[in-house]
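These numbers come from the heavy atoms of this one structure, side chains and all, not from hydrogens, waters or symmetry mates. So you know, we letter chains A, B, ... as the sequences are listed, proteins then strands, and number each from 1. Note that the structure is predicted; figures quoted are calculated from it, not measured.
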Number of protein chains: 2
Amino acid sequence: MKSNAGFLNSQNTHLGNRIFEKMLKDSGIDAFSGAQGRIMYVLWENGTLSVSQVCKLTSLANSTMTVMLDQMEVRGLINRTRNERNRKQILVSLTDTARLYKKEYDYISEKMNNLTYKGFSQEELMMYENMLIRIKKNLEDYIENGENND
Amino acid sequence: MKSNAGFLNSQNTHLGNRIFEKMLKDSGIDAFSGAQGRIMYVLWENGTLSVSQVCKLTSLANSTMTVMLDQMEVRGLINRTRNERNRKQILVSLTDTARLYKKEYDYISEKMNNLTYKGFSQEELMMYENMLIRIKKNLEDYIENGENND
DNA sequence: ATAGTATATTACTAAATAGTAATATTGTCA
DNA sequence: TGACAATATTACTATTTAGTAATATACTAT
């Protein structure tokens, strides 16, 4: 299959990240970055999670996550506690401070969506999302078992 | 507009990058990385370009580009020469060495596409690409002039 | 000629991301 | 009990990406 969708995607990621970081900064939010916001997002949506669940839901590597959680703990955004029901796991939860930022984050996300998907109908946006979900599944499947049967 | 397409996209980027880097490594390619490959890609496709054109075509920031080109020059992948017709510009061109890698890069890209868009019809893939192009335009427009008229 | 603009580099700082190898803790199962 | 697997941290290294401010060079237009 020949396509430059992957390249386009990489471009959009760079552009989008730069815009989003600037939006946060311009909104006076210096308590957290875009990358930290994405981790907070899965915690806002799902409540308390184990570290590996946060990795899974953000698609970040374990080595990345430990570093990010360290920072966020120091900045008072998350707490880490051991899961008493399965003491192998560390549970990550948002602090009250972090919870306060949800509204502002949602507002900026919406602004970001408005400019990113300008000209898209509801149907088109849903179609796009569905494709992203299918792509994600393909990539995850490959990482889990596909590497060995090319 | 409410959507988590941006979040999905960020996930797919992480997963895709990890897979692609590993594919390069597993293919024995240690002469360049995925990020460098994307810069080489626009040079393979367009021939010699000025630095700002490479920035534009990769959607990377200028500060990123200088660093990347420094590395690639040291590794013998690109040359920099001053444009004699417009001596403000530096022209970036691929070395013969870099040109040799095109076939292998294309092969790996195709493998990457096959797994990423598994289950997609030609029409769906084209639709996806078209949406990415529209999104890119929206983001570029915003960076160029939209920041001041929200 | 000079002022302003465009192009690019230099020289920083900082953050995000991933990989690896070693270690600690805990749970599971034979 | 003892071996193994799962979960997470620690302690690195390296790369990618962006921002900023200063500087150099070259073109343009008045």
(request) May I have the distance from B:Asp70 (atom CG) to C:dA8 (atom C1'), rounded to whole angstrom? (result) 11 Å
(message) Would the distance check show the side chain of A:Ser27 and the main-chain N or O of A:Ile29 forming a donor-acceptor pair, the cut-off being under 3.5 Å?
(response) no
(request) Indicate, with a heavy-atom threshold strictly under 4.0 Å, whether B:Asn17 touches base, sugar-phosphate, or nothing. (result) nothing
(request) Ignoring backbone atoms, test whether B:Ser63 places a side-chain nitrogen or oxygen under 4.0 Å from the OP1 or OP2 oxygen of D:dG19. (result) no
(message) Taking 4.0 Å as the cut-off, does a side-chain nitrogen or oxygen of B:Arg18 come that near to OP1 or OP2 on C:dA18?
(response) yes
(message) Whether B:Ser52 contacts C:dA8 is assessed here as follows: a side-chain N or O lying under 4.0 Å from the phosphate OP1 or OP2. Is that the case?
(response) yes
(message) Assess whether a salt bridge exists between B:Asp96 and B:Arg99, defined as any Lys/Arg side-chain N lying under 4.0 Å from an Asp/Glu carboxylate O.
(response) yes
(request) Using atom CG of A:Leu60 as one end and atom C1' of C:dA16 as the other, report the distance to the nearest whole Å. (result) 9 Å
(message) Classify the ring geometry of B:Tyr101 against B:Phe32: parallel below 30°, tilted from 30° to 60°, perpendicular beyond 60°.
(response) perpendicular
(request) Report the residue (A:Asn86 or A:Val67) whose heavy-atom-nearest nucleotide on DNA chain C is the more 5′ of the two. (result) A:Val67
(message) Starting the side chain at C-beta, find the nucleotide from C:dT26, C:dG19, D:dA18 nearest to A:Arg82.
(response) C:dT26
(request) Starting from the 5' end of DNA chain D, give me the residue, A:Ile90 or B:Met68, whose nearest nucleotide shows up first. (result) A:Ile90
(request) Tell me, please, whether B:Phe120 has A:Arg134 positioned over its six-membered ring: NZ or CZ under 6.0 Å from the ring centre and within 45 degrees of its axis? (result) yes
(message) Tell me whether A:Asn9 contacts the main-chain N or O of A:Ala5 through its side chain, where contact means a donor paired with an acceptor under 3.5 Å.
(response) no
(message) Side-chain N or O of A:Ser33 versus OP1/OP2 of C:dA15: is the shortest distance under 4.0 Å?
(response) no
(request) Mind checking B:Thr66 for me? I need base, sugar-phosphate or nothing, with any heavy atom below 4.0 Å counting as a touch. (result) base
(request) Whole angstrom is fine here: how far is it from CD in A:Glu84 over to P in C:dT25? (result) 15 Å
(message) Counting only side-chain nitrogens and oxygens, does B:Arg80 get under 4.0 Å of the OP1 or OP2 atom of C:dT9?
(response) yes
(message) I need the CZ-C1' distance between A:Arg75 and C:dA16, as an integer number of Å.
(response) 12 Å
(request) Classify the ring geometry between A:Trp44 and A:Tyr105 as parallel (under 30°), tilted (30 to 60°) or perpendicular (over 60°). (result) tilted
(message) Just to be sure I understand the rule, does B:Gln71 reach a base, reach only the sugar-phosphate, or reach nothing, if contact means heavy atoms closer than 4.0 Å?
(response) sugar-phosphate
(message) Between B:Lys25 and C:dT20, is there a contact of a side-chain N or O with OP1 or OP2 at under 4.0 Å?
(response) yes
(message) Just the rounded figure in Å: distance from C1' of D:dT25 to CD of B:Gln89.
(response) 13 Å
(request) Have a look at B:Arg85 and say if it touches a base, only the backbone sugar-phosphate, or nothing, with a 4.0 Å heavy-atom cut-off. (result) nothing
(request) Would you mind reading off the distance between B:Asn62 atom CG and D:dA18 atom C1', rounded to a whole angstrom? (result) 11 Å
(request) Please report, rounded to the nearest Å, how far the C1' atom of D:dG19 is from the NZ atom of A:Lys22. (result) 11 Å
(request) Starting at atom CD of B:Glu73, determine the distance to atom C1' of C:dT9, rounded to an integer number of angstrom. (result) 12 Å
